Each structure stands twice: as structure tokens, then as C-alpha cells.
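Not measured: the values here are computed from a predicted model.
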Amino acid sequence: MGSRILIAVVLLVTACGSAGGGGNGVQGKVFTSTSVTEQGQPRTLVAGTKVELRFTADGRLLANAGCNQMQGPVTLDDGKLTVTDLSTTDMACPAQGLQEQDEWLSKLLNGKPSWRLDGPNLVLTGANAEIVLAPEPQAPLEGVTWTVEGIITKDVVSSVPDGVTGTISFKNGFIYVQGGCNSGSTDVTGAEKYEVDGQKITFGSSLTTTAMMCDADKMKVEGAIADTLELGEVTFEIDRDTMTLMNAEGSGLKLRT
């Protein structure tokens, strides 16, 4: 499965697909502008700002030009970036030119610009403007230790109790967890290795942990890790050095490398 996805990414370097498809080369990534042109001439952005485009795992685009946040469902079919119901926050921009810059980006995104990948870079081309954006470095899923920073229950995120450290790591096809008291892994006799398919990790029900009694704060974190992983399948989204893990029932974790 993984090799087919890799091949799809290569073949779709200049092609198209829905943002939720995982094979378009942009899903789950953050891009920031390296050059902006308008009517063939460089467009100077407000000092200290860049255009940022974030493509989420659930098929949304989050955009920022230095002040307000824009977002909406996005598709990338037929080489066109199409955002439906683009919404924008309504903050008072602190610097001169930021409001105009927001409006300029909003107009470009609402105009269904064409898109393509030029190597690792994303190129958006509208009627009179073009933006070249480079991908932000992303932490890898595997081979690093992810520390729990938040516990998600449905749409509510709660903080981790002070003094408690919970971690998850993905290594050589197995998941290793540490809840601050108990520890465990999917690396047990007869267990299959996890599979990564786009933004989904499937690992079955092989997670086994120790069962010591711990204090309430540590048990809260351990319980949150267990709840997230109990279904044997999670989705993940990495944003620079942070990751969100979610299962189908709305339990999840915010983690950082």
C-alpha cells in the first residue's frame, strides 16, 4: 500500500486531485511564500510578513497573509485550487497595508487559481498574480519521541497535568508508549507492524502495557493515550514540530517533538 502511495505522489507532481486524497503532494503540509509577482512584476509584501498556506488532513485550506486567518474546504481537481465558503476572521490589522494584503490573498484564492508542484515548491497562478511557496520543514512521524501536550475529547482540548510526561514513538513498524508510570508497545509476539496510508495509521489491537497503579494525574495521561489508541487506527496531522492524533470516536492527543 505504502509503495503505491509513493508512486502516486511522484506521478502527481503536476497533476491534480482532492485535498483529502493524500496523493497530491500537499496534504498535511505548510507552505510559505518565497516570491510573489503581480502582473509580471514583484509584489512587495508588508515587512515581516509572508503568505502561508496550510493543507489539513481533513481537506481544508488555512491561509494567512500576515493578519487575519482564512479557511475553507479545498479541492485540487483539474489543476485548480478551489476553496468553497472561504471564511475570514475579522481582526483589526496592526500595520498599514495588512488589510489590503489580506483582501488581495482572499481574492486570489476565491478566483480558483491553478496550482502545480515545481520540485518541492507549490506554485499558485491566478489571473494577474503568481505565488511560489516552499514547504515548511516537518518533523517525521517515525524515529522521534512525541511528547503529549494536550488531551482531546471531541472538540475540547485539555492540558496535561504539571509534572506528568507521556510519550509516543513510532519505530520500525511498532508503537511505543510511556504514560509517566506505565509503559507499553505493540511490539509483542505475533503482532503485525503498523501501516501508514496517507494520514491514517493502522496497527490492530496489539498494544500491551504494564498495569501498575499510579497517581490520578498520571492515570489521566495514560488513560488518554490508551483511549486514543484503543481502536487500532488513528489519523495524524503533523504541523512543523507538532502532531495531532485522533481516533474515529473523537479521542485524541496533541503532541510535540
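V144 and L253 fall within a single hydrophobic cluster, where Ile, Leu, Val, Met, Phe, Trp and Tyr are joined by side-chain heavy atoms under 4.5 Å apart, directly or via other members. I151 and L231 sit in two unconnected hydrophobic clusters of ILVMFWY residues. Membership requires side-chain heavy atoms under 4.5 Å apart, directly or through other members.
With hydrogens and angles left out, the side-chain atoms of T210 and N182 include a donor and acceptor closer than 3.5 Å. Side chains of T89 and N68: a donor on one and an acceptor on the other come within 3.5 Å. Residues E195 and T202 have side chains that never bring a donor and an acceptor to within less than 3.5 angstrom of each other. For the residue pair E136/T32, the side-chain donor-acceptor check at 3.5 Å is satisfied. E233 and Y194 share no donor-acceptor pair across their side chains, judged by distance under 3.5 Å alone.
Separation of atoms CD (E149) and OG1 (T244) is listed at 10.5 Å; rounding is to 0.5 Å. Rounding to the nearest 0.5 Å places CG of D187 at 10.0 Å from OG1 of T208. Here the CE-SG distance, from M219 to C214, works out to 5.5 Å after rounding to the nearest 0.5 Å. Taken from CG in L98 to CD in E103, the straight-line distance is 11.0 Å, to the nearest 0.5 Å. With values rounded to the nearest 0.5 angstrom, N128 atom CG is found 12.5 Å from Q41 atom CD. Residue R43 holds its CZ atom at 7.0 Å from CG of L45, rounded to the nearest 0.5 Å.
Shown here for G179 and V164, the closest heavy-atom pair between the two residues is O-CG1, 4.1 Å. In terms of heavy atoms, E237 sits closest to F55 at OE2-O, 4.4 Å. Shortest non-hydrogen contact noted between W146 and P140 is CZ2-O, 3.3 Å. Closest heavy-atom contact between K254 and V157: CG-CG1, 4.4 Å. Here the closest heavy-atom approach between residue I152 and residue K154 is recorded as CG2-O, 3.2 Å. Smallest separation of non-hydrogen atoms from L207 and G184: CD1-C, 4.4 Å.
The shortest distance between side-chain heavy atoms of S106 and L86 falls below 4.5 Å. A heavy-atom distance below 4.5 Å is found between the side chains of K220 and P161. In this structure, the side chains of I201 and L141 come closer than 4.5 Å at one or more pairs of heavy atoms. Side-chain contact between V51 and N64: absent, with no pair of heavy atoms (C-beta onward) separated by less than 4.5 Å. At a threshold of 4.5 Å between non-hydrogen side-chain atoms, the residues F31 and V26 count as touching. Proximity of F203 to L229: side-chain heavy atoms (C-beta onward) are separated by under 4.5 Å at one or more points. The shortest distance between side-chain heavy atoms of I175 and I168 falls below 4.5 Å. Taking 4.5 Å as the limit, every side-chain heavy atom of L122 sits out of range of all side-chain heavy atoms of I131.
S114 contributes a side-chain N or O that, together with a main-chain N or O of T125, makes up a donor-acceptor pair within less than 3.5 Å. Of the possible donor and acceptor atoms, one in the side chain of E222 sits under 3.5 Å from a partner among the backbone N and O of C181. Of the possible polar contacts, none joining the S251 side chain to the N247 backbone as a donor-acceptor pair under 3.5 Å is found. Proximity of a side-chain donor or acceptor of D215 to a complementary backbone N or O of K218 within less than 3.5 Å is detected. Side chain of Q199 to backbone of F236: a donor-acceptor contact under 3.5 angstrom is found. A donor-acceptor pair under 3.5 Å is absent between the side-chain atoms of D102 and the main chain of L105, judged by distance alone. Not one N or O on the side chain of T75 forms a donor-acceptor pair closer than 3.5 Å with the backbone of D77. Within the 3.5 Å criterion, the main-chain N or O of I238 finds a donor-acceptor partner in the side chain of Q138. The backbone N or O of A65 sits less than 3.5 Å from a side-chain atom of Q101, completing a donor-acceptor pair.
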Can you check side chain to side chain contact (heavy atoms under 4.5 Å, CB included) on V123 and E130, steps first, answer last?
CA-CA 7 Å; V123 182; E130 183 171 273; 3.7 Å; yes
M243 and R256: side chain to side chain contact (heavy atoms under 4.5 Å, CB included), yes or no, with the steps?
CA-CA 6 Å; M243 177 169 67; R256 187 181 299 272; over 6 Å; no
Test K50 against S33 for side-chain hydrogen bond (donor to acceptor under 3.5 Å, both in side chains), laying out the working first.
CA-CA 6 Å; K50 291 184 177 182; S33 59; over 6 Å; no
Report the C-alpha separation of L124 and L53 in whole Å, then their side-chain angles, then the decisive distance to 0.1 Å, and conclude whether the side chain to side chain contact (heavy atoms under 4.5 Å, CB included) test is met.
CA-CA 11 Å; L124 285 188; L53 301 181; 3.5 Å; yes
Kindly determine whether L81 and V83 satisfy side chain to side chain contact (heavy atoms under 4.5 Å, CB included), including the steps that lead there.
CA-CA 7 Å; L81 186 147; V83 188; 3.5 Å; yes
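The residues D78 and K80 are annotated as not salt-bridged, no charged nitrogen and carboxylate oxygen being separated by less than 4.0 angstrom. Between K29 and E52, none of the side-chain N atoms (NZ, or NE/NH1/NH2) sits under 4.0 Å from a carboxylate O, so this pair counts as no salt bridge.
Each of V148, T145, I225 was scored for a side chain to side chain contact (heavy atoms under 4.5 Å, CB included) with L255, with one residue passing: V148. If you run side chain to side chain contact (heavy atoms under 4.5 Å, CB included) between L62 and each of V30, V74, T56, only T56 comes through.
Atom CD of E192 is surrounded by 12 or fewer heavy atoms from other residues, nucleotides or ligands within 6.0 Å.
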